[in-house]
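Below: one structure, written as structure tokens.
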Amino acid sequence: MATLPSIEFFDGISERLDDVSLRQDKATGDRVVVMSFNRLRSIERFQSYTKRFNSSLMLKDEEGDISVQPDSVQFVFGGPEGDDLARVDCKFTVAQADHWERFMRFMHRYADANGMAYGEPNAAKE
């Protein structure tokens with residue numbers, strides 16, 4: 001039986017990825033990933049105080065675990081008072097080709113399991 005792919009900030013609490021952006025740093029050639037979450041179950045359920053915190057983002061699937069050290073985690077707020085969590089953006093860099101290939105295998109599995117589809121950004125209208 002295959003393991004369902006999951007993404008965790010806190011050990012044992014799976015998060016739902018809402019968007020992912022794949023970019024390439026023009027200066028270094030490194031690939032940059034930005035994962036966006038519209039909500040975090042771990043924060044909403046306050047389980048972050050009772051579960052072990054991972055200093056890294058864990059991506060889990062049938063091949064095993066990928067431990068990612070985020071370059072940044074940005075909390076974006078909105079709403080009428082500006083204090084409603086709109087989304088969380090987690091950014092990290094993948095420099096090695098074999099790590100990128102493994103990450104992409106994970107993303108394909110995650111997308112298939114969660115009904116996500118790949119799409120190119122809309123080109124600017126001229």
Side-chain angles (χ1 to χ4, degrees):
M1 182 172 156
T3 301
L4 285 178
S6 68
I7 299 172
E8 299 177 359
F9 281 102
F10 294 91
D11 190 34
I13 303 174
S14 294
E15 302 294 354
R16 183 183 188 289
L17 178 65
D18 291 291
D19 192 29
V20 64
S21 174
L22 309 176
R23 307 170 185 164
Q24 188 165 19
D25 185 307
K26 291 179 183 179
T28 65
D30 291 345
R31 294 174 177 104
V32 177
V33 177
V34 178
M35 293 182 157
S36 295
F37 305 86
N38 291 343
R39 61 185 271 263
L40 291 180
R41 290 180 56 226
S42 54
I43 290 176
E44 290 176 358
R45 296 171 65 192
F46 294 101
Q47 290 187 2
S48 59
Y49 296 105
T50 60
K51 297 282 186 176
R52 185 176 62 82
F53 174 71
N54 286 327
S55 59
S56 60
L57 181 65
M58 294 300 295
L59 311 177
K60 300 179 177 188
D61 68 6
E62 62 194 42
E63 283 186 60
D65 297 353
I66 304 170
S67 178
V68 176
Q69 293 293 335
D71 298 325
S72 68
V73 177
Q74 180 181 17
F75 292 81
V76 180
F77 292 90
E81 302 294 321
D83 58 358
D84 296 328
L85 183 63
R87 73 177 190 277
V88 177
D89 292 337
C90 178
K91 179 181 174 183
F92 58 91
T93 303
V94 181
Q96 296 178 284
D98 59 333
H99 292 178
W100 180 255
E101 290 168 11
R102 171 66 177 101
F103 170 75
M104 290 305 295
R105 288 193 306 273
F106 168 83
M107 284 307 306
H108 286 291
R109 287 184 186 112
Y110 186 89
D112 288 346
N114 291 282
M116 297 176 83
Y118 177 78
E120 290 288 337
N122 294 333
K125 294 181 180 180
E126 297 179 40

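This chain uses plain numbering: 1 for the first residue, then up along the sequence. Only this structure's heavy atoms are used, side chains among them; waters, hydrogens and symmetry mates stay out. Treat the numbers as computed from the prediction; the structure is a model and nothing was measured.
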Q: List the atom of Phe92, the atom of Pro70, and the distance in Å for their closest heavy-atom pair.
A: CB-CA, 4.0 Å

Q.
Restricting to non-hydrogen atoms, name the atom on Val73 and the atom on Cys90 that form the minimum distance, rounded to 0.1 Å.
A. CG2-SG, 4.3 Å

For the side chain of [X] and the backbone of [Y], is there at least one donor-acceptor N/O pair under 3.5 Å apart?
X     : Y      : result
Arg41 : Ser14  : yes
Glu63 : Phe106 : no
Gln69 : Ser56  : no
Asp30 : Thr93  : no

So how far is it from [X] [atom1] to [Y] [atom2], rounded to the nearest 0.5 Å?
X      : Y      : atom1 : atom2 : answer
Asp19  : Asn38  : CG    : CG    : 8.5 Å
Glu62  : Arg105 : CD    : CZ    : 10.0 Å
Met107 : Met116 : CE    : CE    : 5.5 Å
Met104 : Arg102 : CE    : CZ    : 12.0 Å
Arg16  : Tyr110 : CZ    : OH    : 6.5 Å
Arg109 : Thr3   : CZ    : OG1   : 10.0 Å

Taking a hydrophobic cluster as the set of Ile, Leu, Val, Met, Phe, Trp and Tyr residues connected by side-chain heavy atoms closer than 4.5 Å, whether directly or through intermediates, do [X] and [Y] fall within one such cluster?
X     : Y     : result
Leu4  : Val20 : no
Val34 : Leu17 : no
Leu57 : Val76 : no
Phe77 : Leu40 : yes
Val32 : Ile7  : no

Q) Does some side-chain heavy atom of Met58 sit less than 4.5 Å from a side-chain heavy atom of Ser67? A) yes

Q) Are there more than 12 heavy atoms of other residues, nucleotides or ligands under 6.0 Å from atom CD of Glu81? A) no

(Q) Walk me through whether Val33 and Trp100 qualify under side chain to side chain contact (heavy atoms under 4.5 Å, CB included). (A) CA-CA 10 Å; Val33 177; Trp100 180 255; 3.6 Å; yes

Q) Are Lys91 and Asp89 close enough for a salt bridge, meaning some N to O gap below 4.0 Å? A) no

(Q) Set out, in order, the CA-CA distance, both residues' side-chain angles and the distance that settles side chain to side chain contact (heavy atoms under 4.5 Å, CB included) for Leu59 and Met35, then state yes or no. (A) CA-CA 12 Å; Leu59 311 177; Met35 293 182 157; 4.1 Å; yes

Q) What residues, two or more places apart in sequence or in another chain, satisfy ring pair (Phe, Tyr, Trp, His ring centres under 6.0 Å) together with Phe37? A) Phe9

Q. Going through the checks in order, is the side chain to side chain contact (heavy atoms under 4.5 Å, CB included) test met by Ile13 and Glu8?
A. CA-CA 6 Å; Ile13 303 174; Glu8 299 177 359; 5.8 Å; no

